[in-house]
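Atoms within each ligand, like the ligands themselves, are counted from 1 in listed order. We use all heavy atoms of the structure for the numbers below, so side chains are in, but hydrogens, waters and symmetry mates are not.
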Amino acid sequence: MAVKKITDGVYEVGVEHWDRRLFDELIPLPEGTSYNSYLIFGKNRTALIDTVDPEKTHVLLRNLKKLEVKNIDYIIANHAEQDHSGSIPKILEAYSNARVVTNIKAKNLLMDLLHIEEEKFLIVKEGDKLDLGGKTLTFHMTPWVHWPETMSTYLIEDEILFTCDFFGAHIASSRTFSDDSDMVYESAKRYYAEIMMPFRASIKKNLEKVRKINPKMIAPSHGLVYKNPEFIISAYEDWISDSVKNVVVVAYVSMHGSTETMVNHLYNYLVESGVEVKMFNMIEADIGEYAIALVDAATLVEASPMVLGGLHPAVAFTVALTGALRPKVKLIGIMGSYGWGGMMVDQVKSLIRGLKAELLEPLLIKGLPKEEDLLKIEGFAERIVEKHKELGLL
Ligand code: FEO
């Protein structure tokens, strides 16, 4: 809630939302989040880059009052999603001279989402400049991080790139700058896994653009400001690369212990073969932890009991989420236990049809695994081990 100085004439005036625990009614927020909004004082003009979630507009307005801001000329909207744009209508009410500076796609979205009048907008395109007087902004289109209209704004004199969601992290912290610790890395990786992972190809192009701009500071609109951009740029380059690790992610649910016996036997075989295994019981698992594990795992196994003719609903949710997150796993296995039949395998195939991974021959076992079934599980595990050897991971 405090005003934070970034450098002379540049302040962070947004909000830490300490107690928010869910984003988009989907994503867990164990560390809360922040909506960073940046105020830039030029000699002649004042600009505000991104605003805050509408629930916290009053805090943004209070921070602007603290800095005795009498006039805002430009509200730069890097992204139309409401956690950054939702306060724009109230800021326009309080600062009636302000114009909303954004690209044409974002303008159309903002008109639909927030009913902002067309005459309030000033449209910019790639490379356009806005002179505030000793502070010059340029605009760079960075689409699909993570909506089609996303862009970044660069402050030339101070070499700060304002990237909105790109490079963000859901952290509420009283600190302003990243200390590049493991904690910051994990939060940024969680954010990448949950929000950015489906867009690896677009991120690659945008990272090249950021490398060319070569900023001294990266200031996202969630989390901390990076004084050492290399820390977060190189992390992103690793996450989007094609390389995978010697890791199997197992997501499972078990109703009466049969599927659990299967995944435990799989776990033992894989671990004793030198493979790292990350197990997620999807009844209680944090889906953010599951998403992080998928960032660089080579193999994913989805395991379910047959229930009501198909996947357990918690596994169905997990598989649907996985299909949407589009991880770079190379191999996918389906296993489970059934009583009299069902459509589990077809359901999984349908939900992950967009993934490029090889599909192992599914393994379904009737009831509680018998001795001969345990041998089948070992065969299933051995095929995973062979794949990891082929990939040079073992
Ligand atoms: Fe932080 Fe896509 O909004």
Side-chain angles (χ1 to χ4, degrees), residues 12-38 48-57 59-60 75-91 100-103 105-114 116 139-153 161-173 178 184 187-200 202-203 206-207 210 218-226 232 236 239-240 287-288 291 321 324-326:
E12 200 283 290
V13 290
V15 183
E16 293 89 48
H17 199 158
W18 295 96
D19 54 352
R20 187 165 179 179
R21 283 294 169 264
L22 200 60
F23 196 84
D24 287 348
E25 301 302 328
L26 174 67
I27 295 167
L29 300 174
E31 298 170 277
T33 190
S34 70
Y35 322 109
N36 303 344
S37 176
Y38 298 95
L48 183 69
I49 300 183
D50 295 329
T51 67
V52 301
D53 192 278
E55 193 184 330
K56 298 290 184 185
T57 305
V59 184
L60 173 58
I75 304 165
I76 318 290
N78 280 326
H79 177 27
E81 194 167 7
Q82 291 90 330
D83 53 321
H84 308 290
S85 67
S87 298
I88 292 176
K90 292 286 182 204
I91 300 293
V100 180
V101 179
T102 195
N103 62 74
K105 284 184 187 167
K107 182 207 84 165
N108 291 334
L109 275 168
L110 288 167
M111 288 177 67
D112 288 339
L113 297 173
L114 299 170
I116 298 171
F139 304 98
H140 303 273
M141 302 306 124
T142 46
W144 291 110
V145 286
H146 59 123
W147 280 14
E149 88 301 358
T150 45
M151 68 178 202
S152 294
T153 299
L161 187 64
F162 299 91
T163 55
C164 200
D165 279 346
F166 195 21
F167 305 119
H170 283 310
I171 314 174
S173 172
S178 165
V184 174
S187 294
K189 190 173 184 181
R190 173 186 275 265
Y191 189 89
Y192 166 84
E194 293 165 335
I195 311 275
M196 299 290 170
M197 189 154 64
F199 307 107
R200 288 197 300 132
S202 305
I203 291 171
N206 289 325
L207 283 175
V210 171
I218 287 181
S221 294
H222 292 293
L224 301 162
V225 174
Y226 297 96
I232 192 69
Y236 262 71
W239 299 332
I240 64 153
I287 59 168
L321 180 68
L325 291 177
R326 286 189 263 156

*Asks:* Please state whether the separation between atom 2 (Fe) of ligand 1 and some N/O/S atom of H84 is under 2.8 Å?
*Replies:* no
*Asks:* So does C164 have any N/O/S atom less than 2.8 Å away from atom 2 (Fe) of ligand 1?
*Replies:* no
*Asks:* Nearest to atom 2 (Fe) of ligand 1, which N, O or S atom of D165 do we find?
*Replies:* OD2
*Asks:* Judged by modelled atom types alone, do S173 and E16 share a side-chain donor-acceptor pair under 3.5 Å?
*Replies:* no
*Asks:* For the rings on Y226 and F167, is their centre-to-centre separation under 6.0 Å?
*Replies:* no
*Asks:* Exactly one of K107, H79, K105 should register a side-chain hydrogen bond (donor to acceptor under 3.5 Å, both in side chains) with E149. Which one does?
*Replies:* H79
*Asks:* Tell me, which N, O or S atom in D83 is closest to atom 1 (Fe) of ligand 1?
*Replies:* OD2
*Asks:* Relative to atom 1 (Fe) of ligand 1, which of the N, O or S atoms in H222 is the closest?
*Replies:* NE2
*Asks:* State whether a side-chain donor-acceptor pair under 3.5 Å links H222 with D165.
*Replies:* yes
*Asks:* Can you tell me the N, O or S atom of E81 that's nearest atom 2 (Fe) of ligand 1?
*Replies:* OE1
*Asks:* Are E194 and H170 close enough that a side-chain donor and a side-chain acceptor fall under 3.5 Å?
*Replies:* no
